[in-house]
2 protein chains.
Amino acid sequence: MRRAKLHSGIQVLVVDDNYEHAAGIRGIASLDGGFDVIGTASNADVCLNMVKKYHPDVILMDINMPDTDGITLLQKIKKIDTNVRVIALTGYDDADLIYRVMKEGARGYVLKTMASALLIQAIIDVSDGKIFLPSVIAAKFFDYFQKSQEDEKSYVNSEDNLLNYLTQREEEVLELLTEGISYKEVATRLFISDTTVKTHVNNIFQKLQVSDKTQAVLYAINNGLLNKTRVNRTKIAV
Amino acid sequence: MRRAKLHSGIQVLVVDDNYEHAAGIRGIASLDGGFDVIGTASNADVCLNMVKKYHPDVILMDINMPDTDGITLLQKIKKIDTNVRVIALTGYDDADLIYRVMKEGARGYVLKTMASALLIQAIIDVSDGKIFLPSVIAAKFFDYFQKSQEDEKSYVNSEDNLLNYLTQREEEVLELLTEGISYKEVATRLFISDTTVKTHVNNIFQKLQVSDKTQAVLYAINNGLLNKTRVNRTKIAV
DNA sequence: AATTATCTAAACCGAAAGGTTTAGAAATCG
DNA sequence: CGATTTCTAAACCTTTCGGTTTAGATAATT
C-alpha cells in the first residue's frame with residue numbers, strides 16, 4: 001500500500017484500556033494511515049512512561065476509561081511534555097466533556113463511531129498544528145463556551161447586584177479594600193480622614209448586607225467590582 | 001435567478017459605517033444569496049433601533065468601525081435581543097479579537113477577503129443555529145482559548161505559590177476564612193479553640209507573607225485555593 | 001533515642017475593625 | 001426654597017484581629 005509510507009514520519013501513541021479497541025485504532029493509524037505507531041498503552045502509568053521515553057507526536061487517547069480519569073491523565077501528560085498533541089477519542093459527544101478536554105489542551109476530539117478516514121485526517125491535521133473538531137462537536141463547544149460566558153455576565157450584571165446601590169465614593173473605598181489595605185491606608189489614598197473611611201465602610205456593609213471587611217471584599221470580587229488581578233492576567237497573555 | 005427565492009425567509013441586517021462596503025455586502029446577501037435584507041445601518045444608534053423594530057434573524061456586522069466599538073455594539077445588541085445571531089465581519093484575523101467577539105456571543109466570524117459564497121454559507125449555517133468559523137479562524141480561537149487556560153494554570157500551579165507551604169490544617173483554616181467568617185466561627189467549625197485558630201492564622205500570615213485576614217483570603221483566591229463560588233457557578237451552568 | 005513537624009492551647013497587649021450617633025457642607029431634586 | 005443625597009468628620013465604646021511567647025501531645029523522620 002503506497003499510503004503506508006505517506007505519514008511514516010509521524011509517531012503515534014494509542015491509549016485505550018480495552019485491548020481490542022486499542023488494536024483497532026492501532027490498525028487504522030498504522031495500516032490505513034501509515035503512521036508510526038510506537039505503542040499502545042492500556043493504563044495511565046504505561047502511558048506516562050511511554051510519553052517520557054518516546055515523546056510521540058500525537059497521542060490517540062480514549063477519554064472514557066473506567067479505571068482512569070481521562071482528564072487527569074491528560075493533565076499529567078501535559079506536565080511531562082507540553083508539546084505533545086492529544087486527540088481525545090470517545091463514544092459520545094458531551095458538551096461539558098468536550099469543553100473540559102479542550103480546556104486541558106487536547107487538539108482534537110473524535111467520536112469512535114466516525115469513519116476511519118476522519119481519524120486519519122485528524123492525526124494529519126493535529127500533527128500539522130491544526131485543531132481537529134468535527135463541525136457538530138465544534139458547535140457544541142461554542143455553545144458551551146458562550147453559555148458559560150453568558151452565565152458569568154448575567155451573574156455580574158444581575159438586578160440584585162447590591163454593588164449597584166453603592167455611591168461612587170463607596171465604590172472607590174471598596175475597590176481599595178479589595179487590594180487588601182487598611183482603613184488608614186484607604187484614607188491616605190483618598191485624602192480623607194480615617195473616620196470618614198469608617199463611615200463609608202459602615203454604609204457599604206449595610207448596603208451589601210455583610211458584617212466585615214473580608215466579606216465585603218469577597219462580595220465585590222464575586223459580583224464584578226473589577227477583579228483586576230484576573231482580568232489583567234488574561235489580557236496580558238495575548 | 002432561482003436562488004434568490006431559496007433563502008427569502010431569513011431576515012438580514014447589514015451594519016457597516018462605510019456605505020460602499022455596506023452596499024457590497026447587501027448585494028451579496030440579497031442578490032447572490034437571496035436573503036431578505038431588511039436594511040443597512042451605518043452607525044450604532046441606527047443599528048440598535050432596527051434591531052428593536054425588526055428583530056432580524058442574522059446581523060452582518062463590521063467589527064472594525066472607527067467611530068464605534070464593535071464589541072460594545074455587540075453587547076448592546078445582545079441586551080436588546082438575546083436570540084439574534086451576529087456574524088462578525090472584519091478585514092483581518094486577530095486571535096484576540098476573534099476570542100472576544102465569540103465570547104460576546106457572535107455566531108460567526110468572516111473575513112471580508114473571503115469569497116462571497118462563504119458569506120452566504122455563513123448566513124445559512126448561522127441562521128440554522130450552527131457556528132460558522134473558517135478552520136483557520138477556528139484554529140486561532142482554540143490556540144487563544146487554550147493559551148488563556150494554560151496561563152490560568154501556570155499561575156496557580158507555579159513553584160512559588162506560597163499556598164503549597166501550608167499544612168493541611170492551615171489550608172482548612174484558610175479555606176474557611178475565604179467564606180468570610182470570623183476566627184470564632186472557624187474554631188467552632190473545626191472543633192478547636194479560637195486561640196488555636198489564631199495560632200494557625202498567624203502561621204498562615206507568615207507563610208503567605210501577608211499581614212491580615214483579608215490579604216490572606218485574597219492571596220488564596222488569586223492563587224487557586226479553590227474559589228468555590230466561581231467554580232461551582234460554571235459547573236452548575238451545564 | 002532524638003529531632004522535627006504538626007496541632008493544640010493559653011496569656012498578654014496593642015492595634016485595627018465594627019457599631020452607633022451626631023453633624024456640617026455641598027450638591028441635586030422636586 | 002425645602003428636602004434628600006452624598007461626602008465629610010468626630011466621639012464613644014466594644015469586639016475582633018494581629019504579634020508574641022510559651023508549651024504540651026502526637027506523629028513522622030533521621
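Below, read A as the first sequence line, B as the second, and so on, with proteins coming before strands; counting in each chain starts at 1.
B/Asp212 comes within 4.0 angstrom of sugar-phosphate atoms only, judged by non-hydrogen atoms across all strands, and of no base. Backbone-only engagement by A/Ser193 is indicated by non-hydrogen atom pairs under 4.0 Å involving sugar-phosphate atoms exclusively. Using a 4.0 Å heavy-atom cutoff across all strands shown, A/Lys198 reaches at least one base atom of the nucleic acid. Note on B/Thr195: a base of the nucleic acid sits closer than 4.0 angstrom, heavy atoms only.
Whole-Å rounding puts the B/Phe205 CZ to C/dA15 C1' distance at 13 Å. Whole-Å rounding puts the A/Asp194 CG to C/dA15 C1' distance at 12 Å. Rounded to a whole Å, the CD1 atom of B/Ile192 is 18 Å from the P atom of D/dA25. To the nearest angstrom, C1' of D/dT6 lies 12 Å from CD of A/Glu172. As rounded to whole Å, 8 Å separates atom P of D/dG19 from atom CD of B/Gln206. Residue B/Lys207 contributes atom NZ, which lies 10 Å from atom P of C/dA5 at whole-angstrom precision. B/Gln168 has its CD atom 13 Å from the C1' atom of D/dA27, to the nearest Å. Across the protein-nucleic acid pair, B/Asn203 atom CG and C/dT4 atom P stand 18 Å apart, rounded to whole Å.
How far CG of A/Leu163 is from CD of A/Glu175: 10.5 Å, rounded to the nearest 0.5 Å. The structure places CG of B/Asn223 at 7.5 Å from CG of B/Leu162, a figure rounded to the nearest 0.5 Å.
When the nearest nucleotides of DNA chain C are assigned to A/Thr199 and A/Ile181 by heavy-atom distance, the more 5′-ward of the two goes with A/Ile181.
Ring geometry for B/Phe142 against A/Phe142 counts as perpendicular: the plane angle is over 60°, on a 0 to 90° scale with 30° as the lower cut. Ring geometry for B/Phe145 against B/Phe141 counts as parallel: the plane angle stays under 30°, on a 0 to 90° scale with 60° as the upper cut.
A close approach under 4.0 Å does not occur between any side-chain nitrogen or oxygen of B/Thr196 and OP1 or OP2 of C/dT8. Regarding contacts with the backbone of D/dC7, a side-chain N or O of A/Thr167 is found under 4.0 angstrom from either OP1 or OP2. For D/dT8, one of the phosphate oxygens OP1 or OP2 lies less than 4.0 angstrom from a side-chain nitrogen or oxygen of A/His200.
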**Request:** Apply side-chain contact (heavy atoms from CB on, under 4.5 Å) to the pair A/Leu111 and A/Thr90, showing each step before the final yes or no.
**Result:** CA-CA 5 Å; A/Leu111 297 177; A/Thr90 182; 3.9 Å; yes
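Relative to the side chain of A/Lys213, the nucleotides D/dC7, C/dC7, C/dA17 differ in distance, and C/dA17 lies closest.
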